[in-house]
Amino acid sequence: MIDLNKLISNSENILERLESRGEVIPLDDIKQLDSERKDLIQKSDQLRSFRNSENKRIGVSKEKPSLEHINKMREISDKLNNINSKLDDIESELNRLMLVIPNVPLEEVLNGNDETDNKVIFTKEDVKNIKTTIPHWDIAPKLGILDMEQGVKLAGSRWYVLKGKGAILQRSLVAWMLEKHNQNGYLEIAPPFLVKEEVMVGSGNLPKFSELLYKDIEEDLWLIPTSEVALNSLYFGDIIKEELPLKFVSHSQCFRREKAAAGRETRGIKRVHQFEKVELFRFELPESSRNAFDEMVNEIQLLCDELGLIYRSVELCTGDLGFQSAKTIDIEVWAQGSEDWLEVSSISTCTDFQSRRTRTRYKNAGEIIFPHTLNGSALAIPRILIAILENNLQDDGSILVPKVLQKYTGFEKID
RNA sequence: GGACGGAUGGCUGAGUGGUUUAAGGCGGCGGUCUUGAAAACCGUUGUGCGUUAUGCGUACCGGGGGUUCGAAUCCCUCUCCGUCCGCCA
């Protein structure tokens, strides 16, 4: 949620910056609702003030109020109820409009319409001559570590089953990543994978993107598409008492409906309905959040380095930013078999957009502020598996396990 | 899932219709005293909204709704917590 007063006064060029995302803001409606809202609040407060003082007088005097007086006061209460229910309507309408406005991009974010305007800002091209170009959907089933058919049998298209050394490799990646981040000062969190609606609203996934999410209708709970959603609401409605920054790491299953059609982009396990991911999340002081963002990008790039992957960093333009993001850098790894760059991480600063939605606050030198929230995948597991399988394929058909993972897997190659 | 009991400010805890826009205590902050500290004493104390803004008004006693001139207090409902029973990894 962006700051209503800033939007109305268009301070810091908020309107222009929102429009640079290709967003149309119903500013006139919002202004109108806000002024009606203020008007009603004043009327309501005045009536209440009068009612309070009258009732206090009755209480003190200990005399029975006259029928005439009672009728007069009843009239005032009716009027008050009327105003308050009108106020409720206006506030919920205003809220409805505000909740679907995306975050304001940072000034520094490059302008653009869509992903073709994104900019590659760093490439780690540590290419050892990879001769083979066999995609993972051919390699992995042959090695008996991935079964797409059984996934379909169990749950349908775009569900899969990892087996044996494939499953162990996944588990090892998760364990290695968690341990790395623990060492970097992130507190490990194991959150619920289903959350309340207000938690989804808090992260920005609702009300706008419900079609991308799974929901348990019976209990009115939503399955998280990333643990960012859960971590963001750890202090829902609270004033954080711990000192900032707060740094969290979490491993979760991620559930996404992914309604896009099947095709080259979705072959194998590139885009699936359930996947594992390790996620970084931070609550930061506004003045520190920009540095924190760069820190997180570095931490995440380092993971790719250590896994021996070819990767690049892509700065997203305004038109391609996610709803809640003010700035995003994607990390993509090269997958030789698919001959494609795969997005394995997306690092975003959401400034105070999410903390406003969850009403997470922090008292900084006596002043109550909305902390900035930042998140980044570190990393999304299936696409890392793809890169390892396709890039580390040996002439004899076996897969070399990256050195850093071997102490977790207990084996050096998959054959 | 069933029965009973709860939910009040940072914490504790009073308050069963009207000087309660919440007593007292603890903690926090400021001060007096002191060489310093402790103790004692004095003062202060949350969040949101509105505003003609060193102030004023208003809302908030788990959430929502109702009764009433007036609700922390009465009624309905939901949620959560506790205890016991049942079930279960």
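Note on naming: letters A, B, ... go to the chains in the order of the sequence lines (proteins, then strands), and numbering restarts at 1 for each one.
Here the P atom of nucleotide B:rC49 and the CG atom of A:L94 are 13 Å apart, to the nearest Å. One can place CG of A:L87 at 12 Å from C1' of B:rU58, the figure rounded to the nearest angstrom. Atoms NZ (A:K72) and P (B:rG70) sit 14 Å apart, rounded to a whole Å. Rounded to whole angstrom, the span from the CD1 atom of A:I76 across to the P atom of B:rU58 amounts to 14 Å. In this entry the distance linking CG of A:L221 with P of B:rU79 reads 12 Å, nearest Å. Between A:D220 atom CG and B:rC80 atom P the separation is 12 Å, expressed in whole Å. As rounded to whole Å, 14 Å separates atom C1' of B:rG10 from atom CZ of A:R361. Between the C1' atom of B:rU47 and the OH atom of A:Y362 lies a distance of 18 Å, rounded to the nearest Å.
Residue contacts shown for A:I368 are limited to sugar-phosphate atoms, with no base heavy atom under 4.0 Å away. Residue A:K38 is in sugar-phosphate contact alone, with no base atom involved, counting any heavy-atom pair closer than 4.0 Å across all strands shown. Using a 4.0 Å heavy-atom cutoff across all strands shown, A:K196 reaches no nucleic acid atom at all. Nucleic acid contact class of A:R359 (heavy atoms, under 4.0 Å, all strands): none.
Using modelled atom types, one finds no donor on one side chain facing an acceptor on the other under 3.5 Å when comparing A:Q46 with A:Q42. Side-chain contact of A:N232 with A:T358: a donor-acceptor pair under 3.5 Å is absent, judged by distance alone. In this structure, a donor-acceptor pair under 3.5 Å is absent between the side chains of A:E279 and A:S252.
Annotation: cation-pi pair A:K165/A:F411 present, NZ/CZ under 6.0 Å from the ring centroid and within 45° of its normal.
Taking the six-membered ring for Trp and the full ring otherwise, the centers of A:Y362 and A:F283 sit at least 6.0 Å from each other. A:F323 and A:F353 have their aromatic ring centers within a separation under 6.0 angstrom.
Using a 4.0 Å cut-off between a side-chain N of Lys or Arg and a carboxylate O of Asp or Glu, A:R290 and A:E108 qualify as a salt bridge.
In this model, the phosphate group of B:rU58 is not approached by any side-chain N or O of A:K43 to a distance below 4.0 Å at OP1 or OP2. Applying the 4.0 Å criterion to OP1 and OP2 of B:rA59, one finds that A:N52 has a side-chain N or O inside that range.
Separation of the C1' atoms belonging to B:rA72 and B:rA7 is 12 Å when rounded to the nearest angstrom. As rounded to the nearest Å, B:rU44 and B:rG48 have P atoms that lie 22 Å from one another. Rounded to whole Å, the P atom of B:rU77 lies 13 Å from the corresponding atom of B:rC4. Taking atom P on both B:rU20 and B:rG27, the two are 26 Å apart, rounded to the nearest angstrom. Separation of the C1' atoms belonging to B:rA22 and B:rA38 is 33 Å when rounded to the nearest angstrom. Atom C1' of B:rG66 sits at a distance of 46 Å from the matching atom of B:rG30, rounded to the whole Å. Only the P atoms considered, B:rG28 is 43 Å distant from B:rC76, to the nearest whole Å. A distance of about 14 Å separates the P atoms of B:rU73 and B:rG65, rounded to the whole Å.
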All N/O pairs under 3.5 Å across the protein-nucleotides 67-69 of chain B interface:
unit_1, atom_1, unit_2, atom_2, d
B:rC69, OP1, A:R74, NH2, 2.5
B:rC69, OP2, A:R74, NE, 3.2
B:rC69, OP2, A:R74, NH2, 3.1
B:rC69, O2, A:N55, OD1, 3.2

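In this structure, the side chains of A:D352 and A:M1 stay at 4.5 Å or more apart for every pair of heavy atoms.
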With salt bridge (Lys or Arg N to Asp or Glu O under 4.0 Å) as the test, would you mind laying out the steps for A:D238 and A:R361 before giving the verdict?
CA-CA 6 Å; A:D238 292 346; A:R361 288 152 298 163; over 6 Å; no
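For A:K43, the NZ atom sits in a loose shell: 12 or fewer heavy atoms of surrounding residues, nucleotides or ligands are nearer than 6.0 Å.
Nearer the 5' end of RNA chain B, as judged by each residue's closest nucleotide, is the contact made by A:N5, out of A:N5 and A:R48. Comparing A:D88 and A:K241 against RNA chain B, the residue whose closest nucleotide sits nearer the 5' end is A:K241.
RNA chain B forms stems at B:1-7 with B:79-85, B:10-12 with B:24-26, B:27-32 with B:40-45, B:46-51 with B:55-60, B:62-66 with B:74-78, each a run of 3 or more consecutive Watson-Crick or G-U wobble pairs whose two key distances fall under 3.5 Å.
Between A:Y186 and A:H181, the ring planes lie perpendicular to each other; the angle is over 60°, past the 30° to 60° tilted range.
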